[in-house]
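Working notes, beginning with the structure itself.
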Amino acid sequence: MGLTIDNLHVELGRRAVLRGITASLAPGRVTAVLGANGAGKSTLLRACVALLLASSGQVMLDGRDVAVLPPRERAMALGYLPQDAAVHWNMLVRDLVKLGRLPHGDAGTAAIAAALSATDTAALADRPVRALSGGERARVLLARVLAGEPRWLLADEPLASLDPLHQLETLALLRAAAGRGMGVVLVLHDLTLAARVADDVLLLKDGMALAAGPVAEVLTEANLAAAYGVRVAILAQPEGPVIVPQAAA
Amino acid sequence: MRRTLLLVGLSVLVTGLFVASLMVGKAVVPLSAWWSDDPRWAIIAELRLPRAVLAVLLGGSLGLSGAVMQGWLRNPLADPGVLGTSGAAALGAVAAIVLGGATQWGIFAAAMACAAGGLALLAALTWRAETPAAFVLAGTVLAGLAAALTAFLISIAPDPYIVAAAIDWLMGALTDRGVEDLTHAAPFMLAGCGVLLATGRSLDALTLGPDAARSLGIGLPRLQAQVIAGAGLCVGAGVAVTGVVGFVGLVVPHMLRPVAGARPGALLVPSALGGAALVLAADVVCRLAPGAGEVRLGVAMALIGAPYFLVLLLGERGRSWA
């Protein structure tokens, strides 16, 4: 059970972006999807929420193909936070977060309040989105997904606009959500943060899964050199490993 | 609370302007005449009442269409005209005036047939399109083609009276529109409004972009079909009975966004009411023009709309419009 990716192939135009990825993601755990630019991380997330159709293979949620799930049921189960999420109108933060309740069709007052509180954005609720800093906006967009109370949260680079403090707070929030049973799948670029937050890592290279499994098994110097083409130093620290790129491999 | 106040305020405004529309004209008919045997009652019942109801429907459907188009295209400069439907309907009407008998029903039927043809062409051009930009481009092509054919038809008109009738009709007006026009157009406009009013939640979700909207369970092909069919019915039927009345769909959502909020779904009903108020007010002003004739509604709307946008442009320099 959980989110199972079975020999997934996705083509964009005539280009094969994902080429036979197989992985099993477990609820209650944080899985980091890592890989170099163009490795297929964002495409994998989009395919997991059925925004892209597989040319072959499938993504199964609790044994059911996500591509054929009713859209509302899929939306309630899988919360998706796109990369560089745009907000096209200058809405109030409260109205924006409320959008997370659309699949439920209810007011969801308690869920919205909890999402605002968890992302430290309750004080911003009555401000227009364009009055926010990049970091505040990123947290509000995360609150929008959390307000939907999905069973799975798939976020594409959710830390991109955040300062270090809010990066750590957001990771703690996502860890806590996983602790409550939510499956969390994150596309990340920061290897150190990935090593500290994730239970599991899915490492992609050229649209294929180079390695998958627990952090300590996947984030090795050899795997990272193969995935990114750089030699890295993995330094043990009390808070967790620090991964420092050294030079081209 | 603020939204309730806005809706009540706009409803009162529409009601007041509706009553004014019944009273005001070349002959002012006071309220006392409405409940007596005053012969001027006929002016109200037979001339002004259908005209005022048509103004409410036209303004409401154009204002609503504009709010929906702006939400769908995520662009505050969009208006119902971008689909090219109004140009296609105008082509049909001018064809009926120049080539046919130009009966009321003939003009309406030709305009609606061309509007439907325009929508079918739009659907054919964009059936695999993934972005709204494709619709804007296809709509621009359609509008350009319709404008060229309309000009061609006018150029081959057999006599100057027909040319004058076509140009007069193109300017857009509620003058002399009666119960027959109302009964032709109202079912299409009401059906279009019904379809458009159901798009609010989807437009709200689209604020986050197409991917996020789809991940929230919104079917974008269905939304696209709703927008095209709804706006096409509203604009096609409107143009078919009144000629081309521009700016309503563009200006009204702009005017109301600071009060109603930027959430697209929250703008729909206020824009319908605001559009009705604007067209009623403009039509009353048209009737008060000095002399025997009236200013054309399409001309009046352009005279209101263009300066409004100029003021907006000067006031909003360096700031986002959305």
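Residue numbers start from 1 in every chain, and the chains themselves are labelled A, B, ... in the order their sequence lines are given, proteins ahead of strands.
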- Message: Does any part of the side chain of W89(A), heavy atoms only, come nearer than 4.5 Å to the side chain of R257(B), both counted from C-beta?
- Response: yes
- Query: If you round to the nearest 0.5 Å, how far is CD1 of I218(B) from CZ of R72(A)?
  - Reply: 10.5 Å
- Message: Taking side chain as everything from C-beta outward and backbone as N, CA, C, O, which of these in P82(A) sits under 4.5 Å from a heavy atom of chain B? Side chain, backbone, both or neither.
- Response: side chain
- Note on the structure: If you tally heavy-atom pairs under 4.5 Å between each of G79(A), A86(A), P71(A) and chain B, the highest tally belongs to A86(A)
- How far does NE2 of H88(A) sit from CG of L206(B), to the nearest 0.5 angstrom? 7.0 Å
- Query: Listed by chain and number, what are the side-chain hydrogen bond (donor to acceptor under 3.5 Å, both in side chains) partners of S42(A), not counting sequence neighbours?
  - Reply: Q83(A), D156(A)
- Does the R214(B) side chain pair with the main chain of L51(A), one donor and one acceptor, at a distance under 3.5 Å? yes
- Task: Measure distances from L96(A) to the heavy atoms of chain B and classify the residue's part below 4.5 Å as side chain, backbone, both or neither.
- Result: side chain
- Count the heavy-atom pairs under 4.5 Å between each of L78(A), L102(A), D95(A), L154(A) and chain B, then report the option with the highest count. L102(A)
- Query: For atom CZ of R222(B), is the number of surrounding heavy atoms from other residues, nucleotides or ligands below 6.0 Å larger than 12?
  - Reply: no
- Enumerate the residue pairs fulfilling side chain to side chain donor-acceptor pair (under 3.5 Å) with a member in residues 262-282 of chain B, sequence neighbours excluded, ordered by first and then second residue. D204(B)-R263(B)
- Query: Are L208(B) and R144(A) side-chain neighbours, meaning at least one heavy-atom pair lies under 4.5 Å?
  - Reply: yes
